[in-house]
Amino acid sequence: MSAITYELLHIDKNSGARRGVVHTPHGDIQTPIFMPVGTQATVKAMTPEELKEEVQAQIILSNTYHLYLRPGHELVKEAGGLHKFMNWDRPILTDCGGFQVFSLSDLRKIKEEGVEFTSHLDGSKHFFSPERVMEIEEALGADIIMAFDECVKYPETYEYTKQSMERTTRWAKRCKDAHTTADRQGLFGIIQGGFYEDLREQSAKDLIAMDFPGYAIGGISVGEPKEEFLKMLKFTAPLMPENKPRYLMGVGSPDYLIEAALAGIDMCDCVLPTRIARHGTAMTSHGKVVARNACYERDFTPLDSECDCYTCRNYTKAYIRHLINTKEILGVRLLSIHNLRFLTKLMDRVRIEIENDNLLNFRDEFYKNYGYTKE
């Protein structure tokens, strides 16, 4: 029995969006879902209690690369795994570290065996192979773990993208062969192939033949124009199995989350909500609010009158502006709570609209209020 299973509850008859449940060892995940990112075994500035009670997060992510470097996967295993180490009793997903390793373009060397890289912290030398990544992710103990892949830059040549995609497929097979905790951890394969449809199709076909319990789309939302993103998303998502979770990696803006759901994606993640919070920006139902701006100096209204989060129930734009401009930590915390809750609440609504076969109409209404133009 796989540690991760997917239950399809409803398909929006007008869009094809999916409403489902992902069953994991640490509880069920209602989908489509946005997953907050806790890179270093913490969602920045948030306690687990705030994530549960205020944000209502169902699952969070942690980062294999960063936790391998600090504090080390052996220490996390000694502590009883990530769940105990960070005091989080709901599902966790760990990425494979591939995106971080490959973003160190001047600090790494790719070979068939794996990747040699230099730590961004102290310059020390390290090596990730598919087998090593499985060893690290198994020690961390997340419910969902990712196969080691290469994320190519945008744009990239067809020739290199093809070589990279084929190597990612071989690495996925090595990950599956090295994976020893299938009863406790679900290993997902990552579809690559850049922005070439035939390569995406071949990647999906080869990975599906390996029968992973879930599949991800990697290598989009990497700086390409939105029309390119949407084209490749809409091409790739239907290639993924209907009876398994579909995960789109690295997506967290409201429009991309809605478009992902419309394409039949179940799970998305991104550091965006907490990152922009640290720069003083809030997502609201009427667009972005840059809290440090002078226009909010005497604005004694909440960030978003339609939001039910702790921040909006208790504080004003004027106060948050004051905190951000005086570099008080509370300002970042309040904005982080708000942005994360804004996205989890958005996905709550998306699930309801799918059940009512109404996600396309909701998308148009949301875009109009937020200030987006529909593609």
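One distance of note links CG of L140 with CD1 of I145; it measures 9.5 Å at 0.5 Å rounding. Note that OH of Y68 and CD of E137 are 13.5 Å apart. Values are rounded to the nearest 0.5 Å. For the atom pair OG1 of T281 and CG of N293, the computed distance is 8.0 Å after rounding to the nearest 0.5 Å.
Under a cut-off of 6.0 angstrom, the local environment of CD in E78 is sparse, with at most 12 non-hydrogen atoms contributed by other residues, nucleotides or ligands. Sparse packing is recorded around CZ of F99, with 12 or fewer heavy atoms of other residues, nucleotides or ligands lying under 6.0 Å away. Residue H279 places its NE2 atom among 12 or fewer non-hydrogen atoms of other residues, nucleotides or ligands, all under 6.0 Å distant. Sparse packing is recorded around NZ of K173, with 12 or fewer heavy atoms of other residues, nucleotides or ligands lying under 6.0 Å away. Heavy atoms from other residues, nucleotides or ligands lying under 6.0 Å from CD1 of I329 number 12 at most.
Between the side chains of T180 and E138, at least one donor N or O lies within less than 3.5 Å of an accepting N or O. Using modelled atom types, one finds no donor on one side chain facing an acceptor on the other under 3.5 Å when comparing R132 with S129. In the model, N63 has a side-chain atom that pairs as donor or acceptor with a side-chain atom of Q100 under 3.5 Å. At a cut-off of 3.5 Å, with distance as the only test, no side-chain donor of Y65 or H126 sits close to an acceptor on the other residue. Side chains of S164 and E150: a donor-acceptor N/O pair is present below 3.5 angstrom, by distance only. No hydrogens or angles considered: a donor-acceptor pair under 3.5 Å links the side chains of Y158 and D198. In this structure, a donor-acceptor pair under 3.5 Å is present between the side chains of T301 and K317.
Under the 4.5 Å side-chain heavy-atom criterion for ILVMFWY residues, no single connected hydrophobic cluster contains both I33 and Y256. V251 and F195 fall within a single hydrophobic cluster, where Ile, Leu, Val, Met, Phe, Trp and Tyr side chains are chained together by heavy-atom contacts under 4.5 Å. Under a hydrophobic-cluster definition in which Ile, Leu, Val, Met, Phe, Trp and Tyr are linked whenever side-chain heavy atoms come within less than 4.5 Å, directly or via other members, L248 and M232 are assigned to the same cluster.
Aromatic ring centres of Y215 and F188 lie farther apart than the 6.0 Å criterion allows.
Under a 4.0 Å N-O distance rule, the pair E156/K153 qualifies as a salt bridge. Ion pair K125/E116 not flagged as a salt bridge, since none of the NZ, NE, NH1 or NH2 atoms sits closer than 4.0 Å to an Asp/Glu carboxylate oxygen. A salt bridge links D211 with K244; the closest basic N to acidic carboxylate O contact falls under 4.0 Å. Between K231 and E227 there is no salt bridge, since none of the side-chain N atoms of the basic residue sits less than 4.0 Å from a carboxylate O of the acidic one. The pair R313-E54 counts as a salt bridge, with a side-chain nitrogen and a carboxylate oxygen less than 4.0 angstrom apart. Remark: D348 engages R341 in a salt bridge, criterion side-chain N to carboxylate O under 4.0 Å.
Although no hydrogens or angles enter the test, the distance criterion places a donor-acceptor pair under 3.5 Å between the side chain of H338 and the main chain of M283. Remark: side-chain polar atoms of W88 are not paired, donor with acceptor, to backbone N or O of T42 under 3.5 angstrom. With hydrogens and angles ignored, the 3.5 Å screen pairs no side-chain donor or acceptor of N358 with any backbone N or O of N361. Formation of a donor-acceptor pair under 3.5 Å by the D269 side chain with backbone atoms of P36 is not found in this model. Judged by distance alone, with hydrogens and angles left aside, the side-chain atoms of N369 form no donor-acceptor pair with the main-chain N or O of H286 at under 3.5 Å. Using modelled atom types, no side-chain atom of R18 and backbone atom of H10 make a donor-acceptor pair closer than 3.5 Å. Between the side chain of D266 and the main chain of R246, a donor-acceptor pair closer than 3.5 Å is present. Of the possible polar contacts, one joining the T31 side chain to the G20 backbone as a donor-acceptor pair under 3.5 Å is found. Using a distance-only test at 3.5 Å, with no hydrogens or angles considered, a donor-acceptor pair links the side chain of N339 to the main chain of P273. Within the 3.5 Å criterion, the main-chain N or O of E353 finds no donor-acceptor partner in the side chain of R19.
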Trace of the side chain to side chain contact (heavy atoms under 4.5 Å, CB included) decision for I60 with M35:
CA-CA 5 Å; I60 60 175; M35 305 182 286; over 6 Å; no
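Side-chain contact between E201 and F235: present, with at least one pair of heavy atoms (C-beta onward) separated by less than 4.5 Å. A 4.5 Å side-chain heavy-atom check between V21 and H23 finds at least one atom pair inside the cut-off. In this structure the side chain of R167 never reaches within 4.5 angstrom of the side chain of T169, judged on heavy atoms. The side-chain heavy atoms of M267 and P245, taken from C-beta on, include a pair separated by under 4.5 Å.
Taking the ring centre of Y372 as origin, the terminal cationic atom of K226 falls inside the region bounded by 6.0 Å and 45° from the ring axis.
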